[in-house]
Amino acid sequence: MAKAATKETKKAAAKPAAKMAKPAAKVTAAKMSANAVKPGAKAAPKATAKAASKATAKAAFKAKAKPAKKPAVKLSMLRPSVNNMTVRVFTRAAGLDHAETDAWGQTRTPEFLARNPAHLTPMIEDKGLPRGVLWESCAIMQYLANKHGLDKFYPKAPAKRAMVDSAMFYLVGTLYPYVARATYPALGFPQYAGEVGHSDAHPDKKSEAQKAAIAAIAEPLEVFHSFFRDGKPFIGGNNPSIADIRLAATLEFLAVIDYALPSWAKDYMAAIEKKLGKAYAEPAGDVRGYIAHVKAQATA
């Protein structure tokens, strides 16, 4: 019939059909759109919430399942010791990820001696070391500063580094032996073999040796002030170096004999503690606490 229809019939038939189709199309589209949107709008938040919940649960599971990160530095130490305090201050000040193990009463055990026949602390463990461990506070600080590029504490410039090294070696070879002879008897620490305090000498001889050591401290102390600091706040210049940390820690022991530090030394120690904050104060607190305990026992 469509083929037999005339042009006029076609036009007449097409117009009403078009008019009728448009509203129908609108209604149908509107219904379909409404049907499609409403369920979808309700379902989307639920789907999003479920997905977020699953993602959170998955992340929480991964966080729990993930093994704990191993510390970069494993440090065996003794809290009352200024040698140990030195490395404890440094690792904190340098922001190194580290874990401390109190080795009190453990340094002569077969397990400890197998790793460290010198039975000394502080000691760090590191797979990168030829024997896996390293002791001596100055060597430890040098190693860690080199490994982690801590130029602030241990400058790379040869001349500046030489001054820091010289100050540390002078301390270990000259000042610290005097400090040990002067303070170890009061601290109750065993003195080194060969020292008068370690021998069977008469108590008067031991007392004379201690007094001589106390008197000798003033000279190397002045060398640090006039030569190594040379008018600067610290041996390292405007910031404490590893030599400054070692010196300040050493001077802490002198409190046990009520040694009269010169005013510059008091200011110097206060400046280091202020500069390093808790990194210095916390390990120093252990040493000071032990010294206070020893002094209290002596007067009890």
Side-chain angles (χ1 to χ4, degrees), residues 71-94 96 98-147 153-154 164-165 167-199 213 220 242-254 256 280 282-291 294:
V73 181
K74 293 176 67 177
L75 171 64
S76 295
M77 55 81 195
L78 300 176
R79 296 182 188 279
S81 164
V82 296
N83 297 319
N84 289 261
M85 173 187 158
T86 299
V87 177
R88 295 180 71 203
V89 169
F90 175 72
T91 52
R92 286 167 168 77
L96 297 178
H98 69 287
E100 295 180 349
T101 299
D102 194 336
W104 190 268
Q106 303 298 316
T107 59
R108 298 279 183 168
T109 62
E111 293 80 11
F112 195 92
L113 289 171
R115 294 178 296 161
N116 180 347
H119 53 79
L120 294 174
T121 60
M123 178 188 77
I124 63 167
E125 298 174 57
D126 193 322
K127 291 180 180 178
L129 292 164
R131 300 301 299 274
V133 299
L134 181 68
W135 60 87
E136 294 295 346
S137 62
C138 295
I140 290 172
M141 290 192 295
Q142 288 171 315
Y143 171 71
L144 292 176
N146 286 331
K147 180 178 179 179
F153 296 98
Y154 194 39
V164 170
D165 288 339
M168 288 195 301
F169 299 158
Y170 181 64
L171 186 152
V172 172
T174 303
L175 176 61
Y176 192 76
Y178 291 152
V179 172
R181 290 171 198 160
T183 62
Y184 276 23
L187 290 164
F189 290 176
Q191 291 193 264
Y192 300 106
E195 295 281 355
V196 172
H198 183 75
S199 70
I242 57 177
D244 289 293
I245 293 173
R246 187 68 183 85
L247 175 59
T250 297
L251 299 182
E252 290 283 349
F253 260 178
L254 293 175
V256 77
Y280 185 92
E282 289 177 355
D286 288 329
V287 171
R288 292 167 185 169
Y290 181 74
I291 289 173
V294 167

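Residue numbers count from 1 along this sequence.
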*Could you give all pairs that pass the salt bridge (charged side-chain N to carboxylate O under 4.0 Å, His left out) test and reach residues 178-193, with sequence neighbours left out?*
R181-E195
*What's the spacing between L247 CG and Y176 OH if we round to 0.5 Å?*
12.5 Å
*Q106 side, atom CD; T101 side, atom OG1 - distance, nearest 0.5 Å*: 10.0 Å
*For the atom pair CG (L75) and CG (N84), what is the distance rounded to the nearest 0.5 Å?*
7.0 Å
*asked:* If you define the side chain from C-beta out and look only at heavy atoms, does anything of H98 sit under 4.5 Å from R92?
replied: yes
_From V87, T250, V89, residue fulfilling side-chain contact (heavy atoms from CB on, under 4.5 Å) relative to I245_ = V89
*Rounded to the nearest 0.5 Å, how far does CE of M85 lie from CG of D286?*
9.5 Å
Using distance only, find each side-chain donor-acceptor pair of residues 128-141 under 3.5 Å and give its atom names and separation, not counting sequence neighbours.
| unit_1 | atom_1 | unit_2 | atom_2 | d |
| --- | --- | --- | --- | --- |
| S137 | OG | R246 | NE | 3.1 |

*Determine whether F90 and Y154 make a side-chain contact, defined as any pair of heavy atoms from C-beta on separated by less than 4.5 Å.*
no
*Listed by chain and number, what are the salt bridge (Lys or Arg N to Asp or Glu O under 4.0 Å) partners of D165, not counting sequence neighbours?*
none
*State whether the side chain of T174 and the backbone N or O of L171 hold a donor-acceptor pair below 3.5 Å, judged by distance alone.*
no
*Are any non-hydrogen side-chain atoms of F153 and L144 less than 4.5 angstrom apart?*
no
*With no hydrogens and no angle check, is any side-chain donor or acceptor of Y290 less than 3.5 Å from a backbone partner on L187?*
yes
*Side chain to side chain, R88 and E282, heavy atoms closer than 4.5 Å*: no
_Backbone of Q191 reached by a side-chain donor or acceptor of H198 within 3.5 Å_ = yes
*asked:* More than 12 heavy atoms of other residues, nucleotides or ligands under 6.0 Å from OH of Y178: yes or no?
replied: no
